[in-house]
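Contents: one structure, followed by commentary.
Sequential numbering from 1 along the given sequence is applied to the chain's residues.
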Amino acid sequence: MPLEEQEYSVLVVSSADSFHGAVAAMLPKTNFRPAIKVTTVAQAQRAITERGFDFVIINAPLKDDLGMRFAIDCSISHGALVLFLISNEIHGDVYSKVAEHGVFTLPKPINRQSMENAIRWLLTAKRKLKGAEKKTTKMEDKMEEIRLVNKAKWLLISKEGLLEPEAHRYLEKEAMNRCVSKKALAEEIVKKYS
């Protein structure tokens with residue numbers, strides 16, 4: 001599905017009501033469900049525990065905390081892309097603590113154009129991450145298939161007395177003759193001998 005057609009969930013955490021409205025107005029309606037808005041870290045923790053979010057935008061400081069630990073937790077434990085807005089005076093220090101955990105930071109004050117660019121950048125990063133996740137899943141599936149085929153091959157060697165090249169040829173030829181994948185055939189063989 002193209003990036004433009006995907007719909008993402010977003011949690012906006014800010015003590016300032018005006019920030020909620022401003023961010024909501026900047027989020028492309030075609031890409032985002034209505035943003036969930038909270039004002040404290042405690043509310044944000046409850047929200048992210050109840051449901052996952054693709055993006056978390058934090059306008060620090062919050063009423064009950066700076067929000068730095070929450071930002072890191074969202075990125076690491078919940079897999080959200082996090083944009084952390086922090087005053088320019090402490091931006092460098094905060095950046096050095098959160099960047100290694102995948103949290104994106106922007107110094108405040110920030111203008112509308114910079115915020116819109118940051119949102120577009122988050123969308124691009126999300127698409128790139130989804131592509132990497134798909135590749136990882138494909139690789140894991142392929143590795144699992146190789147393990148299963150090897151297990152079936154060794155079962156044929158130990159139970160049927162075949163040599164390794166014979167077991168390999170048997171799996172390839174039988175899968176082709178029966179018009180099934182080697183994985184499906186390997187599953188049958190493992191089931192038969194287990």
Side-chain angles (χ1 to χ4, degrees), residues 1-140:
M1 186 181 299
L3 179 65
E4 295 78 26
E5 296 176 18
Q6 294 180 356
E7 193 173 69
Y8 300 104
S9 58
V10 63
L11 175 64
V12 179
V13 189
S14 176
S15 297
D17 288 333
S18 59
F19 184 79
H20 292 285
V23 169
M26 286 184 235
L27 297 174
K29 303 297 182 252
T30 56
N31 294 104
F32 291 94
R33 294 179 213 129
I36 304 297
K37 303 164 195 157
V38 296
T39 59
T40 66
V41 169
Q43 292 170 341
Q45 286 171 330
R46 276 192 299 277
I48 204 159
T49 300
E50 290 172 4
R51 62 174 278 197
F53 289 94
D54 296 303
F55 301 99
V56 176
I57 299 173
I58 303 168
N59 181 26
L62 302 166
K63 290 178 182 177
D64 57 347
D65 190 55
L66 182 62
M68 191 165 50
R69 172 88 332 248
F70 173 70
I72 292 168
D73 184 53
C74 287
S75 181
I76 293 173
S77 301
H78 298 283
L81 285 179
V82 181
L83 178 61
F84 193 70
L85 294 107
I86 190 76
S87 71
N88 193 42
E89 293 80 31
I90 60 171
H91 178 263
D93 186 45
V94 169
Y95 171 80
S96 68
K97 293 176 182 167
V98 301
E100 68 183 277
H101 303 288
V103 176
F104 304 104
T105 62
L106 281 176
K108 295 191 300 186
I110 185 168
N111 63 34
R112 182 180 177 91
Q113 184 63 46
S114 295
M115 187 65 183
E116 287 175 347
N117 286 339
I119 290 169
R120 281 195 291 277
W121 192 82
L122 286 173
L123 284 167
T124 302
K126 186 68 172 178
R127 179 173 46 170
K128 183 111 173 139
L129 286 172
K130 280 192 180 264
E133 287 170 3
K134 284 181 184 176
K135 285 181 183 176
T136 300
T137 301
K138 279 184 179 178
M139 186 94 62
E140 287 170 353

Full working for side chain to side chain contact (heavy atoms under 4.5 Å, CB included) between Leu83 and Ile58: CA-CA 6 Å; Leu83 178 61; Ile58 303 168; over 6 Å; no
Side chain to side chain contact (heavy atoms under 4.5 Å, CB included) between His101 and Asp73, worked out: CA-CA 9 Å; His101 303 288; Asp73 184 53; over 6 Å; no
Test side chain to side chain donor-acceptor pair (under 3.5 Å) applied to Gln43 and Thr39, step by step: CA-CA 7 Å; Gln43 292 170 341; Thr39 59; 3.0 Å; yes
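Of all the heavy atoms in His20 and Val38, the pair that sits closest is CE1-O, 3.1 Å. When all heavy atoms of Phe53 and Ala80 are compared, the closest pair comes out as O-CB, 3.3 Å. The nearest pair of heavy atoms linking Asp54 to Ser9 is OD2-N, 2.9 Å. Residue Val41 comes nearest to Gly67 through the heavy atom pair CG2-CA, 4.0 Å, listed as atom of the first residue, atom of the second, then distance.
Judged purely by atom type and a 3.5 angstrom limit, Ser15 uses its side chain to pair as donor or acceptor with the backbone of Lys63. A donor-acceptor distance shorter than 3.5 angstrom exists from the side chain of Thr124 to the backbone of Arg120, with no hydrogens or angles considered.
Salt-bridge annotation for Asp93 and Lys97: present, with a side-chain N of the basic residue lying under 4.0 Å from a carboxylate O of the acidic one. Note on Glu50 versus Arg46: no salt bridge recorded, every NZ/NE/NH1/NH2 to OD/OE distance being 4.0 Å or above.
Rounded to the nearest 0.5 angstrom, Asn59 CG and Ile86 CD1 are separated by 8.5 Å. How far CG of Leu27 is from CZ of Arg33: 12.5 Å, rounded to the nearest 0.5 Å. Considering NE2 of His78 and CD1 of Ile76, their distance stands at 10.5 Å, rounded to 0.5 Å. Of the inter-residue distances, the one linking Cys74 atom SG with Phe84 atom CZ reads 10.5 Å to the nearest 0.5 angstrom. Taking OG of Ser77 as the start and CZ of Phe70 as the end, the distance is 10.5 Å to the nearest 0.5 Å. For the atom pair Leu81 CG and Ile57 CD1, the distance stands at 10.5 Å (nearest 0.5 Å).
Summarising the local packing, OH of Tyr95 is surrounded by 12 or fewer heavy atoms from other residues, nucleotides or ligands at distances under 6.0 Å. Other residues, nucleotides and ligands contribute only 12 or fewer heavy atoms inside 6.0 Å of the CZ atom of Arg69.
With 3.5 Å as the limit, one finds no donor-acceptor pair spanning the side chains of Glu140 and Thr136. Side-chain polar atoms of Asn111 and Ser114 form a donor-acceptor pair below 3.5 angstrom.
Note on ring orientation: taking the six-membered ring where Trp is involved, the planes of Tyr8 and Phe55 are perpendicular (angle over 60°, cut-offs 30° and 60°).
With His91 as reference, Thr105 is the one residue of Leu106, Leu85, Thr105 to meet the side-chain contact (heavy atoms from CB on, under 4.5 Å) rule. Each of Val13, Val10, Leu11 was evaluated against Ile36; a single residue qualifies, Leu11, per the side-chain contact (heavy atoms from CB on, under 4.5 Å) test.
For the pair Leu123 and Phe32, the minimum side-chain heavy-atom distance is below 4.5 Å. Residues Met68 and Val98 are in side-chain contact: their nearest non-hydrogen atoms beyond the backbone lie under 4.5 Å apart.
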